[in-house]
Structures are given as C-alpha cells and as structure tokens.
Number of protein chains: 2
Amino acid sequence: MPLSKISATAPKAPGTPASDMLLRQFVGYRVKRANLLIQDDMAKTLEPFGLRTGTFSALAVVISNPGISQSDLSDVLNIKRSGVVVVVDELERAGVLKRKPVKGDRRTNALTVTAAGRRLWNKVEKAVQDHEAVLFSGLDLEEIATLHDLLARATKSPISDLEKEQ
Amino acid sequence: MPLSKISATAPKAPGTPASDMLLRQFVGYRVKRANLLIQDDMAKTLEPFGLRTGTFSALAVVISNPGISQSDLSDVLNIKRSGVVVVVDELERAGVLKRKPVKGDRRTNALTVTAAGRRLWNKVEKAVQDHEAVLFSGLDLEEIATLHDLLARATKSPISDLEKEQ
DNA sequence: TATTGTTATACTCTATAACTATA
DNA sequence: TATAGTTATAGAGTATAACAATA
C-alpha cells in the first residue's frame, strides 16, 4: 500500500521509482521497453504519410535495392514471404511501388519505386530522422553513434547468428 | 538478380551484405531487430521453466515488490490490467505466486511469491543472466554497461515521457 | 523436385469496452 | 462516482501450411 499511494500521486509516471529495479538489470527488458517507446513514436510519425513501420522498412529496402524480389525482401526484413505479400499489396495500392515482371523468370516480381514513392520517401526519411533526433535528445551525437554500434554488434555476434540457425 | 544469387549461396545469413544499409541508419530499426533476436532467445531460455517473457517480468516485479496489487503491477509493466489477469492466472496456476486478500480493501489482491516461486526465480534469474552473457558476448562488460545506460537514458528522456502522456 | 508468390488460417500480444464488487 | 479485478472481444503482427505457376 505504500506503493499504491505513490503511484496514485503520480499515475502517468513510468512506474514507481525503482519498482522494476530487479527487472531492469536485464538488457533484454531494457531493449523491450525502448523498442515499445520507439515503435509507438514511429507509428505516430509515419501515420500522416500513410505508412506503418512494416511498409516503411520495405520501402527503405526497395529504395536501396531497386528490382529486388519479394523473396529477397523477405530475407532482408526477416519476415515470411506471406507477410511480404501484405506489405507489397499495401504499398502498391498506395502507388508507392510496383511489381514488375522479370524477363527470364516469370515467377518473380521485381519491386520498383514509383516517382511518387520516391518523393514520399524523401519526406518520410527526413521526418523519421527529425523524430529520432527528438526521441534521443537525451543523448549526444557521439552517444547515439555508440548506441548504434553496440546494437549492431550485439545483434550480429556469431553466437546470436548461430542460435538463430538452430 | 545479383542479389538473389548471393542470398542463394548464403540463405540463412541475416540478409545480403548491406542490402538494408539505408534502413539500418535508423536507431529504431536497429532496436527493433535487436529486440526480435533477444525476445526469441529469451523465449527459448524461459520455456524449460514454464515461463514466457510476460510471466518472467511479472515474477521479477512481484519478487522485488511483495504484496503489490495487480493495478500497480499493470503500471510498472506498462500493460493493461486485463493483461495482468492473464499473467497472474498463469503464474498462480503454476504455483509460483498467490493472490492474497488485503485487509481494509476487499477489491484488491496482494500478490506474493510462494516458496516454490522463489526457488524458481533463483534458477531462472541465473539462466537468463547466463543467457544474456552469451547473447552479448560480442561486447565486453563495460560496453554492456554502456548499452544499459544509453537505453535507460534514451527511454527515460523528458521528451519521450512527454510524448507518452499526449 | 524446388522456388516464387499467393491464400487461408492460427497464434501471440496487447488494447478496448463492458461488467461486478467494492470503496 | 471512482477503483480493482474480471471477462469478452478485437486488432496488430507474424507464423504455418497448402496451393498454382513456373523453373
């Protein structure tokens, strides 16, 4: 009941001070919470552009890999091909990208960005960059770079790749 | 097609080299990918103990806040009260914790860990710590501490809290 | 036989809303 | 009226499995 009293006086605060101290010692939990915050904010940032995090990611990959197939997009984004269909449907319906036939293999679609899609990307890219700058304003530029680096190395370590293949 | 060729020779690799370079410049995307890896591995680590990430987190909070109410647990974990019910049901069914009546307020449940629950926690805590050590073996201890710190500060910045309340 | 894209389906996690019993 | 817990339901996001067309 001392706990309920404190949280009653500060109901919106992210938990009573240190009430999840034990839990926060785990990196996994911190990453999970950070991810929730970031994804929520990303969703808000993308909504005015008619994008979700999934379609934003797909657009980014197609922009830098023109003509990529849906299977390869599936590999890059680490989602199943059936999930790619939904994302590509949505982007194609919005006029952002197109499925084009590939000569030599009639099974495959080559994904290409439309002119409108490229214009959209330029705006969205800037919006997300600005947004992240605000979200991470508690860190200076060097710290953000460090965070990048640490996450990249943590998620690319031989061990985690090895476990993924099991 | 150069892309499909490469990914055909290394199908399980996390994407062709740099094919998501543009996307990876966003911290949000890195955190998302890191989170996916970590949560998958956490799930595997917890499964032998009959726990999921949700029940693990709840157990941790109840361990460090004996007698906490479900509403306060809901605040600390940032999930809705309806979600807490499911988690507590599962933990109570497993004999890990108990709902106890609170004298003075018959609406409230005081959550307490059983002896078996405490024994389980000691084992699980060690398993998860060991597991994270392996998962983050690409980083040294100081770097892990830095990662902790940066995530904590990024997710606790005044701006992100402010946006949360809107 | 294997692969690309597709569809249908199911599962997990979480949110919303309505309800009850208490306060 | 407001709060604690509960129930039912619905929505993302993603996974699995089966299928048609093509290789």
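Proteins come first, then strands; the chains are lettered A, B, ... in the order of their sequence lines, and each starts at number 1.
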*Asks:* If you compare every side-chain N and O of B/Arg52 against the phosphate oxygens of C/dT14 (OP1, OP2), does one of them come in below 4.0 Å?
*Replies:* no

*Asks:* Picking from C/dT6, C/dA15, D/dA4, which would you name as closest to the side chain of A/Gln70?
*Replies:* C/dT6

*Asks:* Rounded to the nearest 0.5 Å, how far does CG of A/Asn109 lie from CG of A/Leu73?
*Replies:* 11.5 Å

*Asks:* Any side-chain heavy-atom pair from B/Thr53 and A/Tyr29 closer than 4.5 angstrom?
*Replies:*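 Heavy-atom side-chain distance check fails, nothing below 4.5 Å.
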
*Asks:* Please check if the side chain of A/Asn65 supplies one atom and the backbone of A/Ile68 the other of a donor-acceptor pair under 3.5 Å.
*Replies:*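 Flag not set: sc A/Asn65 to bb A/Ile68 has no pair under 3.5 Å.
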
*Asks:* From CD of A/Gln39 over to P of D/dG11, roughly how many Å is that when rounded to an integer?
*Replies:*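 Interatomic distance, CD of A/Gln39 to P of D/dG11: 22 Å.
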
*Asks:* So what does B/Arg81 hit on the nucleic acid, given a heavy-atom distance under 4.0 Å: a base, only sugar-phosphate, or nothing?
*Replies:*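 Counting heavy atoms under 4.0 Å across all strands, the contact made by B/Arg81 includes a base.
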
*Asks:* Take the protein atom CG of B/Asn35 and the nucleotide atom P of C/dT14, then report the distance between them rounded to whole Å.
*Replies:* 11 Å

*Asks:* Has the side chain of B/Arg106 got a donor or acceptor that lies under 3.5 Å from a partner of the other kind on the base of C/dT22?
*Replies:* no

*Asks:* Could you check how far CG of B/Asp89 sits from P of D/dT7, rounded to whole Å?
*Replies:* 7 Å

*Asks:* Atom CG of A/Leu77 to atom P of D/dG13: distance rounded to whole Å?
*Replies:* 14 Å

*Asks:* What distance do B/Asn122 atom CG and B/Lys126 atom NZ have between them, rounded to the nearest 0.5 Å?
*Replies:* 11.5 Å

*Asks:* Please report the distance, rounded to the nearest Å, between CG in A/Leu73 and P in C/dT4.
*Replies:*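 That distance rounds to 13 Å.
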
*Asks:* To the side chain of A/Val85, which of C/dT22, D/dT6, C/dG5 is closest?
*Replies:*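 Looking only at side-chain atoms, A/Val85 lies closest to C/dG5.
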
*Asks:* Between A/Ser71 and C/dT4, does any side-chain N or O lie under 4.0 Å from OP1 or OP2?
*Replies:*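 For C/dT4, OP1 or OP2 has a side-chain N or O of A/Ser71 closer than 4.0 Å.
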
*Asks:* Has the side chain of A/Thr114 got a donor or acceptor atom that lies under 3.5 Å from a matching backbone atom of A/Gly95?
*Replies:*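 Yes; judged by distance alone, with no hydrogens or angles, the pair exists.
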
*Asks:* Please determine, for the side chain of B/Ser69, which listed nucleotide (C/dA15, D/dG5, C/dG5) has the closest atom?
*Replies:*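 That would be D/dG5.
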
*Asks:* If you assign B/Arg107 and B/Val86 each to the DNA chain D nucleotide with the nearest heavy atom, which residue ends up on the more 5' nucleotide?
*Replies:* B/Arg107

*Asks:* Starting at the 5' end of DNA chain C and moving along, which residue's nearest nucleotide shows up first, A/Lys32 or A/Arg99?
*Replies:*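 The residue mapped nearer the 5' terminus is A/Arg99.
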
*Asks:* Taking atom types as they are modelled, would you say the side chain of A/Ser82 forms a donor-acceptor pair with the base of D/dT16 within the 3.5 Å cutoff?
*Replies:* yes

*Asks:* Using whole Å, report how far CE of B/Met42 lies from C1' of C/dC13.
*Replies:* 15 Å

*Asks:* So which nucleotide from C/dG5, C/dA23, D/dA15 ends up closest to the side chain of B/Asp105?
*Replies:*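 Closest nucleotide among those given: C/dA23.
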
*Asks:* Send over the distance from A/Lys100 NZ to C/dG5 P, rounded to a whole Å.
*Replies:*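 For the pair A/Lys100 NZ and C/dG5 P, the rounded distance is 16 Å.
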
*Asks:* Quickly work out the B/Glu92 CD to D/dG5 P distance and round it to whole Å.
*Replies:*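 Rounded to the whole Å, the gap is 12 Å.
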
*Asks:* Side chain of B/Lys80 only, heavy atoms from C-beta on: which candidate in D/dA4, D/dT14, C/dA15 is closest?
*Replies:* C/dA15

